[in-house]
Amino acid sequence: MITPALPMLLAAVLAGAGVYGVLARRHAVLMLVGVELILAAAGLVLVTTGQVTPDPLASGAVLTLFVITIAAAEIVVALAVVMALYRARGHVDLQHERSES
Amino acid sequence: MSGLDLLFLAVGLLTAASAVLAVTSRVVLHAALWLVVALGGLAGCYLVLGAELVALVQLLIYVGGVVVLVLFALMLTRHGNAPVQASAGHRVLAGVVAAGLTVLLGVTLTAVVGWTRVPVTGPDSTDIGTAIFGTWVWPFELLSLLLLLALVAAVAVARGAGSVEDVGAATEEEP
Amino acid sequence: MTSLQWPDLPDLPALPPLPDFPGAAAQYVVAIPLLAALLAFLLGRTSSRTAAWTVVTGAVLTLGAATWQLYTISVGVVPRVSETVGPLALGELTVPLTLSASPLTAITAVAVALVALVVQVYARWYLWYDPRYRQFAATVSLFSGAMLLVVLSGDVVLTLVGWEVMGWCSYLLVGHISAKASARRAAAKALLVTRFADLGFVLGLVALTAGPGSTAIADIVDHWRAEPGTALTVAMLLVIMGVAGKSALVPFQDWLPDAMEGPTPASALIHAATMVAAGTVVLAQLFPLLQASDPARTTLAVLASATTLLAALLAFAQPDLKRLLAWSTVSQVALMLAALTAIPVGEGPDTAVLHLVSHALFKALLFLALGWLAVLAGGTLVSYAVSGVRRYGSVRRPLGIGLLALAGVPPLVGFVSKELILGSAEAGVQAATPGPALIVLAAVGAGAPLTAAYCMRAWLILSRPVLVRGNGRTGEQLDDFFAEPEVMVEAVGVEEAEAAISSPARAGITTLSLLTVVGGVLPLTPFFDVELHLNVPLLVASLLLMAAAALFVLAASRGVRTRDAAARLPAVLNLAAERGLGADTAYLTLVARPTMALARGVTWLDREVLDGYVRAAGRAARLLGRGGERWSPVQPAPSLVLVLAGVLVLAVIGVVLR
C-alpha cells in the first residue's frame, strides 16, 4: 500500500528543478542536466501511474523504458552538438555576448 | 503512513534534494555528481514502487552511461572560470517560473491520484518483456533505428563538418 | 526396321564384400576433392610440390571412392541417399540436402574423377614453371569437387551450390594467365554469359521447388510428374535456359571457344567432364520432368540441334586446332542434350549419359594430347601443328584414337554412344510425339558426316608428311617471314622433347587412350540400362555418309601445302568462323551496350534526380538556419525564461478554468 501522491509530488519537484536548471544555467552541459531531470520526472509519473492503476499493456513501465532510451539518444546528440560548439567557439556559454549581428 | 510510504519518503527526499543541488551547485563537477545521486535515487524510487526492471535500466543507462558522457563532456569543455550561473535577476525569474511549475504540477497530479493509499500492482518483468515484444514491438524497432540515427548523427556532428567551420569563421570576427 | 536384341550376359561372379567404411561413398566422393582443395590452398602456399602431392592424392582418393561407390551400387548396397550437413530448417520448405547415387550418376562420377585425376597429374607437368601452379591445382580440385556435387546431388540446393562454384572456378581457370588481356576478357565473358543464363536456372529451380515445397529432387520429380502443366513448362524452360548457358547452346555458344585462353589442362577439365556436361547431368536428374513437358522438350531439341550443326560447321573452318576442339565440344555437348530430348517417353536418359562419359574420355584425351603437341610444336595454330604427329611420334596414337572416337568410327567408344543416340532418336520418331526426335534425328544424321569431316581435316593436317627442304634452297635463302617453322634436323631433339613429358602425365594419357578404345563395352555393363534400338540400315547409312565426308575432305586437301581442307573455303568464311560468326559483337550490341546504357541512366537518375532532392533539403535547412540566425534574439537563455513563463501562465489558466 502506498500513497501515490508522494511520487507525484517528487515528480513535480524534479520537473521544477529541471526547469530551473534549464533556465538559470549558462553552461550548456549543465543545462542538459536540467533536461535530464525533466525527463526523469516524466518517467516517474509514468511508472507511478502504471503501478497504481490497472495496466494490462504494461504501458507505464514500457513507456518509461522508451523514454530512457530516447533520452540516451538525445543526450548523445546534444553532447555532440556541444562538443562541436566548443570546438568552433572555444566556450559553451549560452549567454556569451556576441559583438556583432 | 505505511512502511512503503516511509521508505519512499526517505528515498524521495534524497532524490529531490540532490536534484536541487544538481541545478544550483556552482562547481560544474559537483553538479554532475549530484545528478548521479539524483538519478540513482530515482532508481531507488522505482524500486520502492515495485518496478525493478525500470530501476535497473535507469541505473544502467543513466548512471552508467549518460552521466559518464556528461562528465566527459564537462571535462572536455572546461574553460577557465567562466560563470556557470546566470545573473541574479535572471536566476530569480527562473526560480519563480520553476516554483510556479512545481506548484502547478504538484497540485494537478496529486489532485488526479488523490491521497488515498492504493495497493501496488504493477506488471512483473515477464509481463513487460511480453508486452515489449508483443504490443510494443514496432515502437521498439523504431527506437533501435533512432539509436542508430543518433549514433551516426553524433559522429557526424562531433567530427566537425563544414558547417562547424562556418560557425568558427563567423565568430572569428570577435575582438 | 530390324531390331536386334543383345544376348543376355551371364552374371558376374559375386565379388567379395568390401570392408565397411563409416558413411556413404557419395560423401567421400564430394568431400575429398573439396578438402584437398582447401589443404592445397593452405599447405601449398610456399611449395608447389606439397600442393601437387595434396591434390593428386586427393584425386586418387576421389577416384577410389567413386569406384567404390560404383561397386556398392552394382551389388545393390543401400543406402543410396546419404546426408551432408543435415536438413535445413526453413519453415514450410523441406531442404534435406542429401546426396543420392544411382548407377548413372555413379558412373558419371567415376568418369569425372578419372578425368580430374589425369588433369591434375598432367597439370603438374604442364605448369611446372608456373608460379601460380598451386592456386591452379587447388582450383581444379575445387572445380571437380563442385562437379561431383552436382552429379551426386539429391537436392536442388546442392545442385545450385555446385553449379555456382563451377561458374566461379571456371572464371579462375580460364583467366589463369591473368597477365594476358585476352585471357582476362575470356574469363569475364565466360562468367558473364553463364551467369546471365543462370538467372533462368535459379528461377527455374525456385519454381520447381515451389510446387512440392521440397528441394529434394525425388520429391520434385514425384510432384510434377503427377501434375504437369503450364507451370512445369515455364519452370523447365527456365532451367533449360541455364543449361544452355553452361553447356554453350545457341545463343550462348560463344563463350566456350574463347575459354580456350585457359591453360590446356583447364580446357580439358572444363570441356571434357565438368562444366559443360553439368547441364546434361542436371537434366538427366530431372529427366521425367523434361519428358512430361513437350514444349520444353521441343525447345531444347531445336536449340541443341541447331547448336550441334552450327558448331560442327564452325569447327571445320577454325585455323587453330584447339579452337576446333572447342567447337567440337560445343557440338558434342549439344548432341548429348539433343539425345535427352529424343529418347522415347518412358525410357531412361542412359544414352545421353553414356555419351557424356564417352565424350569425357575422348575429349580429355584429345585436349591433353593436343596440349602436349602444342608444347612440342610451339602452338596449336595450323601452321605450327602441321605434320605434328609425323614429327613427334608419341602423340600420334593418342591423337589418332581421340579423333577417331570423336568422329565416331567403330568400335571406339564414340561410335557406340553416337549410334545409340541415333538409334534412340530413330525410336523416338516412332513414338507418340515425334517432334523433338525428328529434329534430333535430322541433326544427328547431318552432324555425323560433319564431325567426320573436321576430324579428317585435323588428322590430315597433323599427319602431313614432313616437307623436305628443296635442293635449290640450300644456299643463301631469304628469311621468309610467312614460312612455316620447319624443323630441319630434329632426330635428336625430338627424342629429348618427347621424353620431357613426365611419366605420370604420359601414363594418364595412355590410360585415357585405352579407355577410349575399350570403352565401347560400357553399355553392356549393368550400370547402363540402355534400350537398344539398333537399326542396321540407319547405322550403315550414317557410316557411309561419314566415309564419304572424309573422302571429300581428303580430296579437297590435295594441293594445299598444309593439307588443310578449310583453306579451300573463301577467306571471308574462314574469318567469320574464327570469330564465331560475330556472336561476340552480337552480345556486345544486344546485351552489353543496352545494359551499360541502362546502368548509366540509373546512375544519372540517382545522382541528378534523387540526390537532387537530398541536396535541396540540405540547402533549404541551411537557408532556414541562416534566416533563423538573423531573426532570433542573440541570447537564448533569457528568452527561454520568458517562453516558459508564458507556457506556465497558459497552463495555470487551463487548470484553473477547468
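When reading the values below, keep in mind they use all heavy atoms of this one structure, side chains included, and skip hydrogens, waters and symmetry mates. Labels below follow one simple rule: chain letters A, B, ... track the order of the sequence lines, proteins then strands, and each chain is numbered from 1.
- Sparse packing is recorded around CZ of C:F41, with 12 or fewer heavy atoms of other residues, nucleotides or ligands lying under 6.0 Å away.
- Residues B:L101 and C:L648 come closest through the heavy atom pair CA-CD1, 3.4 Å.
- Listed options B:V96, B:L104, B:V107 were ranked by heavy-atom pairs under 4.5 angstrom with chain C; first place goes to B:L104.
- The 12-atom threshold is exceeded at CZ of C:R615, counting heavy atoms of other residues, nucleotides or ligands nearer than 6.0 Å.
- For C:V652, the parts sitting under 4.5 Å from any heavy atom of chain B are the backbone and the side chain alike.
- For C:Y171, the OH atom counts as loosely surrounded, since its 6.0 Å shell holds 12 or fewer non-hydrogen atoms of other residues, nucleotides or ligands.
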